[in-house]
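Structure, as structure tokens:
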2 protein chains.
Amino acid sequence: MQIADDLAAQIRAGVLAPGAQVPSESEVMERYGVSQGTVRKAIAELRTVGLVDTHHGRGSYVKSPPPVRRKSSDRFRRTHRSSGKAAYLAEAEQAGHKPSVHVLYIGPADAPAEVAARMGMTAGEKVLARRRRYFSDGAPTEEATSYLPWSMAAEIPELLDENPGKGGIYARLEEHGHALVEYVETVQARLASKQEASALRLSPGSPVIHLVRDAVTSGGRVVEVCDTVMAADRFILEYRIASVSFFELATDRVTGEGCVTGKAPGQLSERSHVSTRLPGSLVGHLSCRTGPAARTCGVADHADRHA
Amino acid sequence: MQIADDLAAQIRAGVLAPGAQVPSESEVMERYGVSQGTVRKAIAELRTVGLVDTHHGRGSYVKSPPPVRRKSSDRFRRTHRSSGKAAYLAEAEQAGHKPSVHVLYIGPADAPAEVAARMGMTAGEKVLARRRRYFSDGAPTEEATSYLPWSMAAEIPELLDENPGKGGIYARLEEHGHALVEYVETVQARLASKQEASALRLSPGSPVIHLVRDAVTSGGRVVEVCDTVMAADRFILEYRIASVSFFELATDRVTGEGCVTGKAPGQLSERSHVSTRLPGSLVGHLSCRTGPAARTCGVADHADRHA
DNA sequence: GAGTGGTCTAGACCACTTT
DNA sequence: AAGTGGTCTAGACCACTCC
């Protein structure tokens, strides 16, 4: 489409600056000597590519590129929790944006099938759902729903609060004896559904990132599933992957010496739980999975509570 | 659009099975009593949602949902390298697909700006590029380009081969003294460009996942950058995140005892290098970054080479 | 050649926004 | 009321595919 390319070039060259109005349909019709349908297709193209926003009865305007936020896998490090702010707020402020959160719902819900499967319960079982929408500089960026077993809600009353306190719900879970060993995030990208598009104020056809995170305890139990839908153009996800897991260090090689106090390597069952004592007073607990899937493990150190 | 919803419902209900031909434009025009333009919009909708494939002169056909492959962050564990197959082939076969790889280019190239920045060189510098396209069951799924400093190509001749041998290029790098400590992956989702759409046989408007991975040595040097574009509907990325890093275990708490042989905790500079001796004969090397960014570290164990 | 999708035109009518 | 985008129609013409 020559017309779309032409306009796109003008935008990228800065002839049409962010915020400026794109020539109206009738104007373009005249200038290029084409019919309205042709113009509309060209502008639709610009819209799906994210170059313009168009408003009924007002015109199309050049979009300014959205601020991109980095979401690092390090954000779950227990060390980062002391900050006292929810991970989201801390991260966003650091990046120089005005963050805000809007709680949409906190209360009982029926577990969706996928969530139930991840938590090892039957679909439809009663769970606690925490649904909220996040904004950056006033614009919605993501919508997240946390699911927890309903028994947790009784055990930990703060989970029903809008603001669960310092360190967020993960800190509360750990305070109540559910040490979190690892998080497993699955990432998918797809086009926004109509509901998602309107909730995140996206033009239809925009991509979203669908992120689902399981929080796993040292016992191998999934105590929370967090389902997040993010506007794809506003995020970069960053993951740091070690080439050797702590689990491998402790069990594959360091035998004897009283180091691994659980089972011997090679004798680990599907979900094993072993303890490692490192020099100093540190106790590390490992929850692991073995077998053909050969998954590595998580590391939980309970040192904070033993010290 | 009522007509699109109607067809979509038929597809999802199985009235129109995968592979079946969607009624032709003229047929739909007649049945719903609308004009061609209206029908075309409806079918375009189905196309962008990924429900149908349409071929010029032949018609539109119901797509069968593409096989989804899981890409786990564990695939870089050194333990998994012994398999003797490239990570891609091993993973795909395990999932029951017929994988194949097509090498597009291996040779010198000018470093793109972003790659140069990640590797700490100036843009345009000469690098080795390895570009290949991956297929699953005959359908293209991703296209990846690895960039390495040109000096590596001289040092490690296998890097110029189509098949770099057992364990892939990461194994070759490590054999030549470049122990890889961690990988940093950044994930973005966006719509496919025209070139990407045709290379991956996607309909325009389809989302892709753009993944860029840095391979970091124990010295903190980025020796490879791998730039990958994947068809979003064919992948689920999975990342396992430990709640405590090995780095934190070794330096924040385990002091004295001769355990950390590098600097004391709190004295680590922006990019430090410390060594840890664990019980047994294992030696762990840590490359880390500290400071306000408070990034964790990677763990490299050189035990294989010291044993 | 008959059928398919791809592109375009010219014009009508509606809904929203601004003045 | 005037200007904007949103939707639709009816028809022309082209390009590709299959028989």
Side-chain angles (χ1 to χ4, degrees), chain A residues 1-8 10-11 16-63 191-192 194 197-198 201-206, chain B residues 1-8 10-11 16-63 191-195 197-198 201-206:
Chain A
M1 176 59 56
Q2 191 216 332
I3 285 178
D5 289 348
D6 203 16
L7 289 171
Q10 285 185 48
I11 291 173
L16 289 169
Q21 180 167 6
V22 174
S24 77
E25 293 185 355
S26 25
E27 202 173 329
V28 177
M29 282 168 68
E30 217 175 282
R31 194 185 304 173
Y32 291 84
V34 294
S35 74
Q36 195 199 17
T38 312
V39 176
R40 288 190 57 71
K41 261 208 320 187
I43 292 183
E45 168 90 21
L46 298 181
R47 212 180 309 123
T48 69
V49 174
L51 281 175
V52 305
D53 254 343
T54 131
H55 305 275
H56 193 164
R58 219 152 21 104
S60 294
Y61 296 82
V62 179
K63 253 208 246 189
L191 297 183
K194 281 172 195 161
S198 77
R201 262 184 251 153
L202 298 172
S203 41
S206 299
Chain B
M1 176 59 57
Q2 190 217 334
I3 197 167
D5 289 348
D6 204 15
L7 289 172
Q10 286 185 47
I11 291 174
L16 289 169
Q21 180 167 5
V22 174
S24 78
E25 292 185 354
S26 24
E27 200 174 329
V28 177
M29 283 167 69
E30 219 175 278
R31 194 186 303 172
Y32 290 84
V34 295
S35 74
Q36 196 201 15
T38 311
V39 176
R40 288 190 57 70
K41 261 211 318 190
I43 292 183
E45 169 92 20
L46 298 182
R47 213 180 308 123
T48 69
V49 175
L51 281 175
V52 303
D53 254 343
T54 131
H55 305 275
H56 193 166
R58 239 181 331 134
S60 292
Y61 296 82
V62 180
K63 255 208 245 188
L191 297 183
S193 70
K194 281 171 196 161
Q195 297 85 336
S198 75
R201 262 184 250 151
L202 298 171
S203 42
S206 299

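The sequence lines fix the lettering, A, B, ..., with proteins before strands; numbering per chain opens at 1.
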> Could you state the CD-C1' distance from B:E27 to C:dG5, rounded to the nearest angstrom?
Replying inline: 14 Å

>> Between A:T38 and C:dT9, is there a contact of a side-chain N or O with OP1 or OP2 at under 4.0 Å?
In response: yes

> To the nearest Å, how far apart are A:Q2 CD and C:dC8 P?
Replying inline: 10 Å

Distance-only criterion, 3.5 Å: show the donor-acceptor pairs between side-chain atoms of residues 48-60 of chain A and protein atoms not counting sequence neighbours.
{"residue": "A:T48", "atom": "OG1", "partner": "A:E45", "partner atom": "O", "Å": "3.1"}
{"residue": "A:H55", "atom": "ND1", "partner": "A:R58", "partner atom": "NH2", "Å": "3.3"}

>> Tell me every residue that passes salt bridge (charged side-chain N to carboxylate O under 4.0 Å, His left out) with B:E27, counting only those two or more places apart in sequence or in another chain.
In response: B:R31

> side chain to side chain donor-acceptor pair (under 3.5 Å) with A:Y32: which residues, sequence neighbours excluded?
Replying inline: A:D6

> Which parts of residues 40-47 of chain A get close to DNA chain C, meaning a heavy atom less than 4.0 angstrom away?
Replying inline: A:K41

> Under 4.0 Å between a side-chain N or O of B:S26 and OP1 or OP2 of C:dG3?
Replying inline: no

> For A:G205 and B:L191, which heavy atoms make the closest approach, and how far apart are they?
Replying inline: O-CD2, 3.9 Å

> When you check the phosphate oxygens OP1 and OP2 of C:dT4, does a side-chain N or O of B:T54 lie under 4.0 Å from one of them?
Replying inline: no

>> How long is the straight-line distance from NZ of B:K63 back to CG of B:L46, given to the nearest 0.5 Å?
In response: 11.5 Å

> Under the side chain to side chain contact (heavy atoms under 4.5 Å, CB included) test, which residues partner B:S193, sequence neighbours left out?
Replying inline: B:Q195, B:E196

> Can you tell me how far C1' of D:dG3 sits from CE of A:M29, to the nearest Å?
Replying inline: 14 Å

Donor-acceptor pairs under 3.5 angstrom involving side-chain atoms of residues 37-44 of chain A: please list them, not counting sequence neighbours.
{"residue": "A:T38", "atom": "OG1", "partner": "A:S35", "partner atom": "OG", "Å": "3.4"}
{"residue": "A:R40", "atom": "NH1", "partner": "A:E25", "partner atom": "OE2", "Å": "2.7"}

Are any protein N/O atoms closer than 3.5 Å to N/O atoms in nucleotides 11-16 of chain D? If there are, list each pair with its distance.
{"residue": "D:dA15", "atom": "N3", "partner": "B:H56", "partner atom": "NE2", "Å": "3.0"}

> Taking CD from A:E25 and P from C:dA15, how many angstroms apart are they, rounded to a whole number?
Replying inline: 17 Å

> Quick one: salt bridge (charged side-chain N to carboxylate O under 4.0 Å, His left out) partners of A:R201, sequence neighbours excluded?
Replying inline: none

> Of the nucleotides D:dA10, C:dT9, C:dG6, which has the atom closest to the B:S35 side chain?
Replying inline: D:dA10

> When the distance from CD of B:E30 to C1' of C:dT4 is rounded to whole Å, what number comes out?
Replying inline: 15 Å

>> Can you list everything that forms a salt bridge (charged side-chain N to carboxylate O under 4.0 Å, His left out) with B:D5? Sequence neighbours excluded, please.
In response: A:K194

